[in-house]
Protein chains: 2
Amino acid sequence: MSKTKQSPVERRLARLTDAVREAGIKLTHQRIEIFRELAGTEEHPDAETLFEAVRKRMPTVSLDTVYRTLSTLQELGLVKTIGQQGGGTRFDANIEPHHHYVCVSCGMIRDFESKELNSLRLPGTVRQLGTILDANVEVRGLCAKCQGRKKASTRPKSKSS
Amino acid sequence: MSKTKQSPVERRLARLTDAVREAGIKLTHQRIEIFRELAGTEEHPDAETLFEAVRKRMPTVSLDTVYRTLSTLQELGLVKTIGQQGGGTRFDANIEPHHHYVCVSCGMIRDFESKELNSLRLPGTVRQLGTILDANVEVRGLCAKCQGRKKASTRPKSKSS
DNA sequence: ATCTAGTTGCAAACACTTCTTAGTTAGGAA
DNA sequence: TTCCTAACTAAGAAGTGTTTGCAACTAGAT
């Protein structure tokens with residue numbers, strides 16, 4: 001229910017307020033500050049970096065809370081992680097250009113080829129960031145096997161409890 | 001060991017032999033077996049999985065050798081990792097569809113937008129793997145800042161003493 | 001067969017993340 | 001405002017995934 005024009009950060013903070021209320025959890029200073037910090041940067045920080053930044057304004061905040069809050073924000077769908085989480089680094093002996101399909105449920109990764117995707121037209125803004133070595137596409141979805149499993153377990157779609 | 005036609009695995013193993021020789025390092029059983037295992041699977045295993053697999057044939061191999069070998073193979077350019085390695089999980093408060101530019105040197109990540117890339121045409125083979133939730137492009141390169149740094153440090157050694 | 005630098009196996013260290021316990025603070029409903 | 005309790009801090013410990021130090025070993029050259 002935003003009424004006036006807000007900065008991107010304020011808009012995101014408003015979304016936090018809504019989401020927290022809807023989830024029936026508390027809107028604590030820690031949650032606000034941690035999210036504000038993340039929403040206000042383009043640097044995709046890790047937990048430690050975020051902790052140090054928030055600490056400047058809230059000297060008593062603990063690293064543990066940063067981790068817990070990020071986890072909560074993820075459940076609320078307000079925050080995403082970059083790259084895969086959980087499990088270790090995965091290796092690939094295929095050094096030809098190719099793309100990946102990743103199952104969001106079981107983590108399965110499969111290669112696929114596409115000449116078209118090998119030569120994507122990238123927007124000019126990218127070139128301003130630096131040189132381009134390669135570009136690959138990561139498709140995420142639910143693999144055939146996991147679709148079967150989901151169906152079998154007859155689990156109605158529910159939000160995280 | 002005398003076969004006329006080579007399987008893809010054998011072809012890759014031949015590349016290993018060459019690369020190892022060229023780099024002036026030793027072609028140990030461990031390196032052969034670890035690489036053979038990785039080159040022979042499409043599953044993009046992690047170090048632990050690879051370790052367990054190699055162990056069946058080489059019961060004395062150790063997990064740290066797997067790690068060290070994978071690192072060596074990476075330096076030789078025979079193996080790649082999927083996703084970012086090193087550092088912790090990185091977070092993103094931008095939940096709109098977007099793409100990433102990643103600097104291979106400093107790890108900097110920047111978002112970029114592209115309507116065109118938001119609606120990529122994916123090959124039909126992908127659909128056979130499972131449902132498609134989203135697809136995003138990851139561009140890797142050397143960011144402007146690191147280009148400057150590289151230039152400065154790669155400068156032909158002028159007489160400085 | 002001998003030599004030796006590069007490699008390995010083992011254990012221990014390390015980095016990141018999560019969890020435990022216990023005592024305190026503070027959000028927000030009544 | 002009062003009260004209930006979720007959420008917090010603190011300090012520690014544990015769980016993963018990865019790296020390192022060191023003595024023993026071995027690939028490959030002589």
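Order of the sequence lines sets the chain letters (A, B, ...), proteins ahead of strands, with each chain counted from 1. Fair warning: this is a prediction, and the values are worked out from it, not measured in the lab.
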Can you list, in residue-number order, the parts of residues 17-25 of chain B that come under 4.0 Å of DNA chain D, counting heavy atoms only?
none
Atom of [X], atom of [Y] and distance for their closest heavy-atom approach:
{"X": "B/A39", "Y": "A/A93", "value": "CA-CB, 3.7 Å"}
{"X": "B/R15", "Y": "A/I95", "value": "NH1-CD1, 3.2 Å"}
{"X": "A/F51", "Y": "A/L63", "value": "CE1-N, 3.3 Å"}

OP1 or OP2 of [N] versus the side-chain N and O atoms of [X]: is any pair under 4.0 Å?
{"X": "A/T89", "N": "D/dT18", "answer": "yes"}
{"X": "B/T65", "N": "C/dG9", "answer": "yes"}
{"X": "A/H29", "N": "C/dG27", "answer": "yes"}
{"X": "A/R68", "N": "D/dC8", "answer": "yes"}
{"X": "A/T28", "N": "C/dG27", "answer": "no"}
{"X": "A/Q30", "N": "C/dA26", "answer": "no"}

Output the rounded distance in Å from [atom1] ([X]) to [atom2] ([N]).
{"X": "A/M58", "N": "C/dT25", "atom1": "CE", "atom2": "P", "answer": "14 Å"}
{"X": "B/L50", "N": "D/dG17", "atom1": "CG", "atom2": "C1'", "answer": "15 Å"}
{"X": "A/L70", "N": "D/dA7", "atom1": "CG", "atom2": "C1'", "answer": "15 Å"}
{"X": "B/L63", "N": "D/dT16", "atom1": "CG", "atom2": "C1'", "answer": "11 Å"}
{"X": "B/L16", "N": "D/dA27", "atom1": "CG", "atom2": "P", "answer": "15 Å"}
{"X": "B/F51", "N": "D/dT19", "atom1": "CZ", "atom2": "P", "answer": "15 Å"}

Taking the six-membered ring for Trp, are B/H44 and A/H100 parallel (under 30°), tilted (30 to 60°) or perpendicular (over 60°)?
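Plane angle over 60°, so perpendicular.
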Pair of N/O donor and acceptor under 3.5 Å linking D/dA7 base with A/K26 side chain
no
Is it the case that D/dC8 (base atoms only) and A/D64 (side chain only) share a donor and an acceptor within less than 3.5 Å, ignoring hydrogens and angles?
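Counting by modelled atom types and ignoring angles, no donor-acceptor contact under 3.5 Å is found here.
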So, the side chain of [X] versus the backbone of [Y]: is there a donor-acceptor pair under 3.5 Å, distance only?
{"X": "A/R90", "Y": "B/E43", "result": "yes"}
{"X": "B/T72", "Y": "B/R68", "result": "yes"}
{"X": "B/T131", "Y": "A/L142", "result": "yes"}
{"X": "B/R110", "Y": "A/V126", "result": "no"}

Let me spell it out: for each of A/G88 and A/T69, pick the nucleotide of DNA chain D with the closest heavy atom. Which residue's pick is nearer the 5' end?
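Nearer the 5' end of the strand: A/T69.
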Taking for B/R90 and for B/S62 the nucleotide of DNA chain C with the nearest heavy atom, the one nearer the 5' end belongs to B/S62
For the side chain of [X], counting heavy atoms from C-beta on, which of [options] is nearest?
{"X": "B/Y67", "options": "D/dG17, D/dA27, D/dC8", "value": "D/dG17"}
{"X": "A/T60", "options": "D/dG28, D/dT19, D/dT9", "value": "D/dT9"}
{"X": "B/L27", "options": "C/dA11, D/dG28, C/dT8", "value": "D/dG28"}

For A/E48, answer base if it contacts any base atom (sugar-phosphate contacts may also be present), sugar-phosphate if it contacts only those atoms, and nothing otherwise; contact means non-hydrogen atoms under 4.0 Å.
nothing
